Structures are given as structure tokens and as C-alpha cells.
Amino acid sequence: MTMLLFDLDGNLQNWPATDRAWQFGDGVFRTLYAEDGHVRDLVGQVAHLLHDAQLLHLQPLPAVGQLSEVTTKVVGEQGKFRLKWIISSGDSAGGYLRSGPARTMLALSPLPDDYRPPQQINAWRCETVLQPAGPWSAAKHLNRLDQVMARREQDPHVFPEGVMCDSQGHIASGISSNLFWVDRDQRLHTHPLDEQGVHGRTRARIIALAEKQGQPVALSLWKPEQFIDQAEEAFFCNSIWGCVPLQQFVGWSSRQTAICTSYNAGLGFS
């Protein structure tokens, strides 16, 4: 897949060899979907990116308007793209000490014209677990080794996604997505992700929409055994896929997909 890299002026760039993003994973990122010049949830995504950057004390940061404008510019008016914003702490002076300033880059990868997210997913339980990561754990920082090691466990053509547990064995998230599930009373649950995982932008939108509808999401710690026994429906979500039903998982099969479908409609995912 071809990837183009742009700076904040919209100019093509090469990634500097001195940058701390690839040397230490010292930075944050967010991934977006763009189609025919439209970037889904652009302002909300910018806000989450900058919030994560502040958690890692990255400075200076681009203005919301500046990043929104250059994003629209590099995406253009035609085609489907996966866009990744990356804010690194800048160049390294040769050790762990930051020498700044922060650097913002935009990585643009074209998607096939016929690209569609998965329609449903059969998942496995990952052997790799999510480890606690301190006060910046919820940020989408560049240190994603838990997810990298989990992804290598299974062929992505067979299993597009896996279910990851926290270090205490509670169902937490997908590898590249957040996870929601519905109990017998039709109440929606997700892991609180207080110490591990990523607070995804689509996850935040679902929680906000549920609260607006008067049905707040329960932040719950369920072991797989409880999930298998009591969950009626489950779905993965991220900013590229929207909401995708979990069809089968270690002996569990979905009994419905209605709530997943309703959130896709409510969030503007086709």
C-alpha cells in the first residue's frame, strides 16, 4: 500500500531519521476515514488527538483550525483513504531526554474503490493481554506492543479481529477496536479502560449517544465465562469500520444485531 506523508503545510515529506516517533514510540496518533473529500467526524477527532497529546505533554500543538484545514487539503476531493495523524515529541538528541519541539505529520494511504468494512466478525480470544500503562494509558500513544503481539497470533484474513482481556482476565477490547456488548436486559456495556487500552473516538461517540437517549453505557468488568452466558449481542467499533457485529467468539454466538445497526445509523456509518 502506498503511503504519502505530509507536514502541516500540506507539503510532501520524508520521515526524519532523528524523529522520536520511530525511535521510542514517543507520540500519539489517530486514524480517520476519508471519502471523496469528506473526513468523518473531523472536529471531534482533532479534539481527541490534541487531548492525547496533552496527556503526553507534547508541545507545541497545532491549532484545531490548522490541522482541520490541512487534512481537508491533503485528502482532496476524490477517492477513499485511511488517514493517520501523528504527533511526535520531535527529534532525539541521542537519548531519552526530549529536545523538542513536537512534530505533526499526516500519513495518507489510499483504499481500494470497492473497500468496505467487514460485515461481521468471528473472533478469537487473544493470549496477549492488555497491560496497565499508567496515567496516559487511555491515550492513543505510539507504544502499541500489546496490540502488535496480539495481532500476530492469528491470520487477519481468517480472523479480522481478536478479543483482548485485561491483566485480570476481564474482556476489554478488540485489537484495533473498542468492544461493546448487550446483556439480557438490553443494557449496553463496555470495559472502563481506566488502566489499559484506548479510549477510541467512536467509543466516545457511542457513549455520548447512549446518554443522550437516556440509556447510559455500563462500564463493566466481565470475565469471558459471564460474557458467554449472558451477552445477547456484541460489536466492535473504530473510526474506519464504524460498528461491526461480533458473530462468534469461543463458543458464543450472537443472538441479535439490532443495537449495533442502530448505532451505525445514529453515528452516520453506512
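Given the structure is predicted, the values throughout are model-derived calculations rather than measurements.
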Quiz item: Between Q256 (side chain) and S254 (backbone), is there a donor-acceptor pair under 3.5 Å?
Solution: no

Quiz prompt | N-O pairing of D7 and R103 below 4.0 Å | solution = no

Practice problem: Count the heavy atoms belonging to other residues, nucleotides or ligands that lie under 6.0 Å from CD of Q59, then report whether that count exceeds 12. | Solution: yes

Quiz item: Side-chain contact, heavy-atom cut-off 4.5 Å: S220 with W181?
Solution: yes

Practice problem: Give a yes or no answer on whether the side chain of W22 reaches the backbone of P16 with a donor-acceptor pair at less than 3.5 Å. | Solution: yes

Quiz item: Quick check: are there more than 12 heavy atoms from other residues, nucleotides or ligands sitting under 6.0 Å from CG of D155?
Solution: yes

Quiz item: L106 and V74: which non-hydrogen atoms are nearest, and at how many Å?
Solution: CD2-CG2, 4.1 Å

Quiz prompt | Candidate pair L142 and F29, rule side-chain contact (heavy atoms from CB on, under 4.5 Å), full reasoning | solution = CA-CA 7 Å; L142 293 168; F29 74 102; 3.6 Å; yes

Quiz item: Any donor and acceptor pair, going by atom type alone, linking the side chain of Q154 with main-chain N or O of W124 inside 3.5 Å?
Solution: no

Exercise. Check step by step if side-chain contact (heavy atoms from CB on, under 4.5 Å) holds for R255 and E233.
Key: CA-CA 6 Å; R255 301 175 181 92; E233 177 181 351; over 6 Å; no

Self-check item: Interatomic distance, Y115 atom OH to E35 atom CD [nearest 0.5 angstrom]
Solution: 10.5 Å

Quiz item: Shortest non-hydrogen contact from V39 to A34?
Solution: CG2-CB, 4.0 Å

Self-check item: Same apolar cluster (I L V M F W Y, side chains within < 4.5 Å links), I171/L193
Solution: no

Exercise. Determine, using the 4.5 Å side-chain heavy-atom cutoff (strictly less than), whether L12 and L8 are members of one ILVMFWY cluster.
Key: yes

Exercise. Could you tell me whether the side chain of D19 and the main chain of D91 form a donor-acceptor pair under 3.5 Å?
Key: no

Exercise. Check the angle between the aromatic planes of W241 and F236 and answer parallel, tilted or perpendicular using the 30° and 60° thresholds.
Key: perpendicular

Quiz prompt | Donor-acceptor contact present, side-chain T72 to main-chain S68, <3.5 Å | solution = yes

Practice problem: Using a 4.5 Å cut-off on heavy atoms from C-beta on, say whether the side chain of V129 contacts that of D146. | Solution: no

Quiz item: With distance as the sole criterion, is a donor-acceptor pair present between the side chains of R20 and S89 under 3.5 Å?
Solution: yes

Quiz item: Within a radius of less than 6.0 Å around CD of E77, do more than 12 heavy atoms belonging to other residues, nucleotides or ligands occur?
Solution: no

Quiz item: Can you tell me how far CE of M105 sits from CG of N14, rounded to the nearest 0.5 angstrom?
Solution: 8.0 Å

Quiz item: Do Q45 side-chain atoms and R201 backbone N/O form a donor-acceptor pair below 3.5 Å?
Solution: no

Exercise. Given ring-ring contact (aromatic ring centres under 6.0 Å, His included), test F227 with F249 step by step and report yes or no.
Key: CA-CA 10 Å; F227 178 94; F249 168 65; 5.8 Å; yes

Exercise. Could you give me the CA-CA distance, side-chain angles and deciding distance for M3 and K84, then say whether side-chain contact (heavy atoms from CB on, under 4.5 Å) is met?
Key: CA-CA 10 Å; M3 185 180 74; K84 181 179 287 187; over 6 Å; no

Quiz item: For the hydrophobic clusters of this structure (ILVMFWY residues joined by side-chain heavy atoms under 4.5 Å, transitively), does one cluster hold both L5 and L67?
Solution: no

Quiz item: Can you name the closest pair of heavy atoms from A102 and I87 and give their distance?
Solution: CB-CG2, 4.2 Å

Practice problem: Grab the two heavy atoms, one from I86 and one from A107, that are nearest each other, plus how far apart they are. | Solution: CD1-CB, 4.5 Å

Self-check item: Contact check, side chains of T71 and V46, non-hydrogen atoms, under 4.5 Å
Solution: no

Quiz item: Only one of Q196, Q131, H191 clears side-chain hydrogen bond (donor to acceptor under 3.5 Å, both in side chains) with D166; which?
Solution: H191

Quiz item: Does the side chain of R40 reach to within under 4.5 Å of the side chain of S239, using non-hydrogen atoms?
Solution: no

Quiz prompt | Non-hydrogen side-chain atoms of V28 and K140 separated by less than 4.5 Å | solution = no

Self-check item: Separation between CG of L83 and OH of Y33, rounded to the nearest 0.5 Å
Solution: 12.5 Å

Quiz item: Looking at side-chain heavy atoms only, is the closest gap between T128 and R152 below 4.5 Å?
Solution: no

Quiz item: Side chains of C243 and I206: closer than 4.5 Å at any heavy-atom pair?
Solution: yes

Quiz item: How long is the gap from CG on D9 to CD on E69, to the nearest 0.5 Å?
Solution: 10.0 Å

Quiz prompt | Worked verdict on L209 versus Q213 for side-chain contact (heavy atoms from CB on, under 4.5 Å) | solution = CA-CA 6 Å; L209 183 57; Q213 295 172 344; 3.8 Å; yes

Self-check item: Polar contact flag, side-chain donor to acceptor under 3.5 angstrom, Q168-E195
Solution: no

Quiz item: Would you say the side chain of L179 lies within less than 4.5 Å of the side chain of M164, judging by non-hydrogen atoms?
Solution: no

Practice problem: Give, for atom OG1 of T190 and atom CH2 of W222, the distance between the pair rounded to the nearest 0.5 Å. | Solution: 11.5 Å

Practice problem: Could you grab the distance from atom CZ of R151 to atom CZ of F159, nearest 0.5 Å is fine? | Solution: 9.5 Å

Quiz item: Taking the side chain from E161 and the backbone from S176, do they hold a donor-acceptor pair closer than 3.5 Å?
Solution: yes

Quiz prompt | Ion pair D229/R184, N-O distance below 4.0 Å | solution = yes

Quiz item: With the 4.5 Å side-chain cut-off for hydrophobic clustering, are V250 and V244 part of the same group?
Solution: yes

Quiz item: Taking all non-hydrogen atoms of both residues, which atom of A139 and which atom of L56 are closest, and how far apart?
Solution: CB-CD1, 4.2 Å

Quiz item: If you group Ile, Leu, Val, Met, Phe, Trp and Tyr by side-chain heavy-atom gaps below 4.5 Å, do V75 and L4 land in one group?
Solution: yes

Practice problem: Would you name the heavy atoms of S92 and S99 that are closest together and state the gap between them? | Solution: C-OG, 4.1 Å

